[in-house]
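Remarks on the structure that follows.
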Amino acid sequence: MRKYSPRRFLFIIKKLFLRTYHPTFISTNFSDIRSAVVIYGVLSAFTSMVSLFFVDSLVRTKEASFWISFFRISSLLICFSAYFLAKKRFRFFERHIFSFTGFFITSLILIYIPMMVYDKPNHSYYLFGSAIVIASSAIILWLEPIRIFFLSILYLCIFIPLHLNFSQILGFDRYVFYQDVLIVCFLLGVGFTANLLINYWRFEEYRSKIRLRITVGKLLKINQKIHDLSRIDSMTELYNRRHLLEQFDLYKKRAKRESFSIGLVILDLDRLKVINDQYGHKQGDLAIQAFGKTLKTRVRSTDIAARIGGDEFCILVSPADKAGLETLTESIREKIEVLRIPIFNQAGDSIQITVSIGATLFSSEEDPSFDELYHRIDTALYESKNAGRNRITILPPFERQT
């Protein structure tokens, strides 16, 4: 069970009461904020119509009745205006929705002042009605507690003196006056407390969503890392055999769709066993890593370079032609031939490595399997080995054996 320390309560009160909504919080919940304005506009309009046709009929003079009806219709227009602006989703309204909401509530409350003036005998009714406007807006509308607090203080500073003045004109009854003030304070207190509780859960829900979003983001990064590890060779940071086979089928489909040829190249380091025997496997690993880095600098972004096992590497070249394949393989061979790899336990000394290469092309009309191509190119690779190593053998385009 979660423990709530005094510091945490202080943090929550400070966050809820003294700060306005964060822009990301508003953008996340804007649909609910707009819906609350629509609902409140409808409810306020409904209560104004009920008062207009039933409660306000108790007004005693015709002049007062006229002005009460006028201000009641004005409140209806304000409610319909708020409903219309929120429903139509005007951009300016959405950018300043809290300013519009504050103006909307303030206008509804201030309309009760002239109604109290024109209908003095029933001024307590308008006192309670305006307090209910504040309390209901605190519960229904998305308003920060600090706004409700200052609105309540402003209300008390205006309406309580008016109520006292009219009470004295009509015959002051201390008991009734204090009872009315107590009821008003109770209504405002209920609205403010409800607003604090509602905003607390909104705040907690928002923080939970943020934490969930952060956690999901971390999980996605971890999953991506796992996915990358499953297709990347850890020693050379080239792709592995699994990824190469997956991409081979995709490249064949794209080649068929766009009508271009694909090249497949197999590369094998020469005399790596001798390096391992003479300098140790650590030096052999350094040779493999150096070759992998060099291979990365030679291939294009559209090619797939992979380590398929031990000292054997493969390149899927797409798109490719004979001249391009010859240029690529020769540039790799020349780059490796001049490469010098430092000996890890002998400062200033280095070794040289070479590579034997076999390659072939196949067109978009052909549909060879990877194993068929690999077997053919492996034969070409051994031709390069038998010819003295550090050689390139490019076979003619693949033709399926029947």
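Quick note: residue numbers are just sequence positions, from 1. As the structure is a prediction and not an experimental result, all values here were calculated from the model. Both backbone and side-chain heavy atoms feed into the values below; hydrogens, waters and symmetry mates do not.
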**Item:** I222 and K225: CA distance, side-chain angles, deciding distance, side chain to side chain contact (heavy atoms under 4.5 Å, CB included) verdict
**Value:** CA-CA 5 Å; I222 292 172; K225 189 173 182 180; 5.5 Å; no

Residues 105-112, side-chain donor-acceptor partners within the protein, below 3.5 Å, at least two apart:
residue, atom, partner, partner atom, Å
T106, OG1, G102, O, 2.7
S107, OG, F103, O, 2.7

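- Shortest non-hydrogen contact noted between V38 and K87 is CG2-N, 4.1 Å.
- With hydrogens and angles ignored, the 3.5 Å screen pairs no side-chain donor or acceptor of N390 with any backbone N or O of E337.
- Looking at heavy atoms from C-beta onward, I341 lies out of side-chain contact with Q289 at the 4.5 angstrom threshold.
- Judged as a side chain to side chain contact (heavy atoms under 4.5 Å, CB included), and not counting sequence neighbours, the contacts of I26 are Y21, F30, I33, F98.
- Side chain to side chain, Y125 and S51 meet the donor-acceptor criterion of an N or O pair below 3.5 Å.
- V133 is listed as a side-chain neighbour of Y40, based on a closest heavy-atom distance under 4.5 Å.
- Residue pairs meeting the ring-ring contact (aromatic ring centres under 6.0 Å, His included) criterion with at least one member in residues 206-246, sequence neighbours excluded, are F25-Y206, Y239-H243.
- Taking the side chain as every heavy atom from C-beta outward, M116 and F159 approach each other to under 4.5 Å.
- Among all heavy-atom pairs drawn from A36 and L141, the shortest one is O-CD2, 3.6 Å.
- In this structure, CD1 on I288 lies 8.5 Å from OG1 on T236, to the nearest 0.5 angstrom.
- The side chain to side chain contact (heavy atoms under 4.5 Å, CB included) test applied to K221 returns no partner, not counting sequence neighbours.
- L162 contributes atom CG, which lies 10.5 Å from atom OG of S167 (distance to the nearest 0.5 angstrom).
- The number of heavy-atom neighbours closer than 6.0 Å to CZ of F71, taken from other residues, nucleotides and ligands shown, is above 12.
- For the side chain to side chain contact (heavy atoms under 4.5 Å, CB included) test, residues two or more places apart in sequence or in another chain that qualify with R257 are R254.
- Not one N or O on the side chain of E330 forms a donor-acceptor pair closer than 3.5 Å with the backbone of L325.
- Residues E372 and P368 approach most closely at OE1-CA, 3.5 Å, considering heavy atoms.
- Using a cut-off of 4.0 Å between Lys/Arg side-chain N and Asp/Glu carboxylate O, R202 and E205 are scored as not salt-bridged.
- At distances below 3.5 Å, not a single donor-acceptor pair connects side-chain atoms of S48 with backbone N or O atoms of R72.
- Within a 6.0 Å sphere centred on NZ of K120, other residues, nucleotides and ligands contribute more than 12 heavy atoms.
- A donor-acceptor pair under 3.5 Å is formed between the side chain of E366 and the backbone N or O of S363.
- Remark: L272 CG to T354 OG1 distance equals 10.5 Å, nearest 0.5 Å.
- Applying the salt bridge (charged side-chain N to carboxylate O under 4.0 Å, His left out) rule to R271 yields no partners; only residues at least two apart in sequence or on another chain are considered.
- What you find for C79 and F104 is that their closest heavy atoms are CA-CE1, 3.9 Å.
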**Asked** Going through the distances and angles, do I336 and I353 end up as a side chain to side chain contact (heavy atoms under 4.5 Å, CB included)?
**Response** CA-CA 7 Å; I336 296 301; I353 61 172; 3.8 Å; yes

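- Minimum heavy-atom separation, A359 to I377: N-CG2, 3.7 Å.
- In this structure, CG in L245 is found 10.5 Å from OG in S369, a value given to the nearest 0.5 Å.
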**Step-by-step side chain to side chain contact (heavy atoms under 4.5 Å, CB included) determination, I210 to R213** = CA-CA 5 Å; I210 293 296; R213 191 178 302 130; 3.0 Å; yes

Which pairs of donor and acceptor atoms, one on a side chain in residues 180-192, lie under 3.5 Å apart (sequence neighbours left out)?
residue, atom, partner, partner atom, Å
D180, OD2, S124, OG, 3.3
D180, OD2, H163, NE2, 3.1

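- Under the salt bridge (charged side-chain N to carboxylate O under 4.0 Å, His left out) criterion, R242 pairs with E246, not counting sequence neighbours.
- Contact check for N195 versus P145: side-chain heavy atoms found under the 4.5 Å cut-off.
- In this pair, Y118 and W67 present their aromatic rings parallel. The plane angle is below 30°, not in the 30 to 60° band.
- Between L373 and F248 there is a side-chain heavy-atom pair separated by less than 4.5 Å.
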**Request:** I would like to know whether F362 and K252 meet side chain to side chain contact (heavy atoms under 4.5 Å, CB included); could you show each step before the answer?
**Result:** CA-CA 10 Å; F362 65 95; K252 281 200 306 181; 3.9 Å; yes

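- We find the OG1-CD1 distance between T297 and I332 to be 8.5 Å, quoted to the nearest 0.5 Å.
- E334 meets the salt bridge (charged side-chain N to carboxylate O under 4.0 Å, His left out) test with no other residue; sequence neighbours excluded.
- When the side chain to side chain contact (heavy atoms under 4.5 Å, CB included) test is applied to S356, the partners found at least two apart in sequence or on another chain are D270, L381, S384, K385, R389.
- Here the side chain of D321 pairs a donor or acceptor atom with the backbone of G324 at under 3.5 angstrom.
- A donor-acceptor pair is defined here as one N or O able to donate and one able to accept, closer than 3.5 Å; no such pair exists between the side chain of N165 and the backbone of P161.
- Atom CZ of R174 has 12 or fewer neighbouring heavy atoms from other residues, nucleotides or ligands inside a 6.0 Å radius.
- The minimum heavy-atom distance linking S137 with I148 is given by the pair OG-CD1, 4.3 Å.
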Using a 3.5 Å cut-off and no angle test, enumerate the donor-acceptor pairs between side-chain atoms of residues 307-317 and protein atoms at least two apart in sequence or in another chain.
residue, atom, partner, partner atom, Å
R307, NE, G310, O, 2.8
R307, NH1, D233, OD1, 3.3
R307, NH1, D233, OD2, 3.4
R307, NH2, G310, O, 3.0
E312, OE1, Y374, OH, 2.7
E312, OE2, Y374, OH, 3.3

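- Listed by first and then second residue, the salt bridge (Lys or Arg N to Asp or Glu O under 4.0 Å) pairs that reach into residues 287-302 are E237-K296, R300-D303, sequence neighbours excluded.
- Between the CD atom in Q352 and the CG atom in L339 there is a gap of 8.5 Å [rounded to 0.5 Å].
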